[in-house]
Amino acid sequence: MANTKKAVKTAPKTQKVAKAKEVKKPVAAAPKTKIENKTQFSKKVLFIAGEAVPFIKTGGLADVAGALPKALCEKGIDARVMLPLYLGIPQEFKNNMQYLGNCYVQVSWRSQYCGVFMYNYQGVIYYFLDNEYYFKRHGLYGHYDDGERFAFFSKAVLEVLKIIDFKPDIIHANDWHTALTPVFLDCFYRGDEYCKNIQTVFTIHNIEFQGQYGEGIIGDVLGLNYDQSKLVRYKDCANYMKGGIESAARVTTVSPSYANEILDPFYGYGMQDILRQRKFKLSGIINGIDEEKNNPKTDKSLFVNYDINSLENKKFNKVGLQRLLGLPENENVPMIGMVGRLTHQKGIDLVTAVMDKILNMDVQVVVLGTGDWKYENILKDMQSRYPGKLRAIINFSADMASKIYGASDMFLMPSKFEPCGLSQMIAMRYASVPIVRLTGGLKDTVQAYNHVDGTGDGFTFATYNASDMLNAIERAVGLYRDYKDDWAKVVHNGMKKDFSWKTIADQYIELYKQI
């Protein structure tokens with residue numbers, strides 16, 4: 001827990017942002033968009049998260065927080081976003097933020113300063129909550145007092161509503177960082193006329209990370225009494241995610257299959273009992289991808305652009321990447337790509353277990369990512385033993401990721417669990433056929449190819465087993481080499497799929513309507 005006495009005595013200075021004249025009432029609403037189906041739906045949604053693109057990102061949550069509110073606004077919903085004002089947010093954004101005011105937030109016995117800033121990005125209004133004591137630090141998560149930092153943020157969300165002059169119908173919280181907002185709303189703010197009718201949605205992006213702390217934090221930081229503490233107390237600790245599940249009107253995950261999987265102990269990370277009890281309010285909605293950003297027709301990182309009508313140009317990207325990485329230049333050799341974290345969740349242990357057998361096939365493999373040092377070292381060692389067949393780029397680069405999507409014929413994603421996954425959807429858009437394990441969002445987005453009727457867009461395996469994964473790879477390579485017409489069908493089927501946020505936004509609107 002943080003040493004808070006100093007924080008109480010002296011309110012932290014605001015971070016260096018441009019201060020315009022204080023405005024009591026900000027812009028009333030995001031720009032309205034004509035709704036195609038002419039159905040009027042005027043709900044107001046406040047989306048709260050620990051990160052969002054383009055401001056700051058550590059994972060897929062940031063992509064969702066940047067894309068879903070924009071898609072909702074385009075559907076005519078007044079959707080806005082609230083984030084902490086981190087040190088790492090680029091100064092060019094801070095220079096153009098508008099100062100709206102400040103207040104003090106009670107974090108149990110502490111009274112902590114909170115400044116409020118606003119920024120309009122592509123028609124979406126973003127609010128940033130400032131407290132240097134909590135957020136002027138390097139990195140977003142992993143600090144010794146994260147429990148206090150995000151308890152402050154979760155409560156400040158409710159405290160600043162009158163300052164921003166925005167009364168949402170729904171507050172949509174995401175992951176453990178904001179899971180306490182529904183708890184604080186029910187425990188402290190229902191008596192306030194301004195807040196009494198607000199409903200809440202809580203989305204689980206990855207149940208492995210729950211915000212678990214010692215029970216002492218319940219009174220000393222959260223300020224909950226004994227009866228209220230039951231919302232967050234779980235297995236002799238304070239569990240923020242449990243609080244969100246208990247208090248929110250609806251709980252969602254980022255794919256329908258993941259919503260079912262987390263009811264099982266293998267996937268539930270200890271939360272399966274609570275989720276089974278609250279199954280009546282649990283559902284899953286698959287994430288989308290930014291189809292403008294992830295577009296092989298316009299992607300500047302590619303050596304040659306292409307689309308579904310000019311797939312013959314994809315081979316130039318393979319040759320270009322081979323030349324760049326020092327691999328033998330051969331447009332006909334099947335190239336398998338991997339982009340992501342090198343961790344057990346992503347199934348890298350399966351890959352390293354049979355990498356010798358994979359590389360004994362006539363293929364090339366390109367891996368991009370960082371993660372556990374043991375997997376990094378195994379891949380480096382294998383690269384030295386197979387210099388003409390494997391490139392392991394232990395780094396991350398968006399430019400290189402696009403090049404791998406554009407060059408690869410197949411994209412390997414053998415995850416142990418995958419709440420949603422975006423890479424398989426991006427791969428299909430770039431005509432790279434996914435090879436995936438049937439779990440979570442992978443199961444919901446990739447359909448195994450059926451050579452009888454020509455349906456399907458990838459290759460799949462069910463059990464978490466290296467031999468089964470190897471078999472799926474062998475089937476994909478065999479189809480690529482021996483059945484060109486069938487391979488073309490797989491590629492086309494994937495490229496024609498609609499993973500746009502516009503489609504996904506409709507499902508969230510229906511969820512909001514139900515509430």
Side-chain angles (χ1 to χ4, degrees), residues 294 296 299-304 306 311 313-343 346-372 375-415 421-436 458-459 466 469-470 472-474 476-477 480-481 487 491 494:
N294 301 297
D299 192 336
K300 295 180 180 179
S301 294
L302 299 186
F303 296 98
V304 178
Y306 61 92
L311 278 174
N313 289 333
K314 182 175 171 68
K315 63 185 178 184
F316 298 116
N317 288 283
K318 183 192 294 186
V319 174
L321 186 60
Q322 289 169 336
R323 184 179 301 122
L324 179 66
L325 299 180
L327 291 168
E329 295 179 28
N330 182 353
E331 67 180 61
N332 295 314
V333 65
M335 179 181 285
I336 302 172
M338 288 188 72
V339 175
R341 291 179 289 116
L342 306 179
T343 65
K346 298 299 182 181
I348 192 65
D349 53 330
L350 300 187
V351 178
T352 55
V354 295
M355 184 65 92
D356 285 300
K357 293 181 179 180
I358 296 173
L359 295 175
N360 281 328
M361 302 164 62
D362 186 18
V363 300
Q364 293 177 348
V365 179
V366 180
V367 181
L368 173 68
T370 60
D372 294 348
Y375 298 129
E376 293 180 357
N377 289 339
I378 290 172
L379 290 171
K380 289 176 183 177
D381 176 66
M382 287 186 165
Q383 178 177 271
S384 66
R385 292 193 285 120
Y386 296 92
K389 307 196 77 174
L390 172 65
R391 285 293 177 271
I393 307 166
I394 309 303
N395 198 345
F396 186 78
S397 159
D399 177 74
M400 181 56 69
S402 286
K403 285 180 166 60
I404 293 173
Y405 286 124
S408 60
D409 301 291
M410 303 151 204
F411 191 85
L412 182 57
M413 203 167 172
S415 302
L422 301 178
S423 295
Q424 78 279 12
M425 293 185 264
I426 298 172
M428 281 189 269
R429 188 154 172 78
Y430 280 70
S432 182
V433 176
I435 303 171
V436 305
F459 294 83
M469 181 196 71
L470 180 63
I473 295 172
E474 290 170 342
V477 172
Y480 175 89
R481 288 200 171 282
W487 186 259
V491 171

(message) Determine whether K357 and I473 satisfy the following criterion, side chain to side chain contact (heavy atoms under 4.5 Å, CB included), listing intermediate values before the conclusion.
(response) CA-CA 11 Å; K357 293 181 179 180; I473 295 172; over 6 Å; no
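- With rounding to the nearest 0.5 angstrom, the CZ atom of R341 is 9.0 Å from the OG1 atom of T370.
- Distance alone, capped at 3.5 Å, places no donor-acceptor pair between the K346 side chain and the V339 backbone.
- Using a 4.5 Å heavy-atom cutoff, the side chains of P434 and M413 are not in contact.
- Side chain of E474 to backbone of M361: no donor-acceptor contact under 3.5 angstrom is found.
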(request) Step by step, work out the side chain to side chain contact (heavy atoms under 4.5 Å, CB included) result for I358 and L470. (result) CA-CA 7 Å; I358 296 173; L470 180 63; 3.8 Å; yes
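- Going from atom CG of D299 over to atom CG of N294 covers 7.5 Å, rounded to the nearest 0.5 Å.
- Residues Q322 and N330 share a closest heavy-atom pair of OE1-N, 2.9 Å.
- Shortest non-hydrogen contact noted between M469 and V354 is CE-CG2, 3.4 Å.
- Considering every non-hydrogen atom in both G406 and N317, the closest pair reads O-CB, 3.5 Å.
- Atom OG in S423 sits 11.5 Å away from atom CG in L412 (nearest 0.5 Å).
- Here the CD atom belonging to Q383 is positioned 8.0 Å from the CD1 atom belonging to I394, to the nearest 0.5 angstrom.
- K318 contributes no side-chain N or O that, together with a main-chain N or O of D409, makes up a donor-acceptor pair within less than 3.5 Å.
- Taking all atoms of both residues into account, the shortest heavy-atom contact from I435 to A476 is CD1-CB, 3.8 Å.
- Two residues are said to be in side-chain contact when any heavy atoms from C-beta on lie closer than 4.5 Å; M400 and L324 meet this criterion.
- Between the side chain of K314 and the backbone N or O of S408, at least one donor-acceptor pair lies under 3.5 Å.
- The closest donor-acceptor contact from the side chain of K403 to the backbone of S301 lies under 3.5 Å.
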(message) For a side chain to side chain contact (heavy atoms under 4.5 Å, CB included) check, start with the C-alpha distance between M410 and V477, then their side-chain angles and the critical distance, and finish with the verdict.
(response) CA-CA 9 Å; M410 303 151 204; V477 172; 4.0 Å; yes
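- Rounding to the nearest 0.5 angstrom, the gap separating the CE atom in M382 from the CE atom in M355 is 6.0 Å.
- With I378 as the partner, the side-chain contact (heavy atoms from CB on, under 4.5 Å) test is satisfied by one option alone out of L342, T352, D372: T352.
- Residue M335 holds its CE atom at 15.0 Å from NZ of K315, rounded to the nearest 0.5 Å.
- Between S402 and L302, the shortest heavy-atom contact is O-CD2, 3.3 Å.
- Counting only distance, with no hydrogens or angles, the side chain of R385 and the backbone of D356 share no donor-acceptor pair below 3.5 Å.
- A tilted orientation is assigned to the rings of Y405 and Y430, their planes being inclined by 30° to 60°.
- The closest side-chain heavy-atom distance from W487 to V433 is below 4.5 Å.
- For N360 against K389, the heavy-atom pair with the smallest separation is C-NZ, 4.1 Å.
- Put simply, the side chain of E331 never gets that close to the backbone of F316: no donor and acceptor are under 3.5 Å apart.
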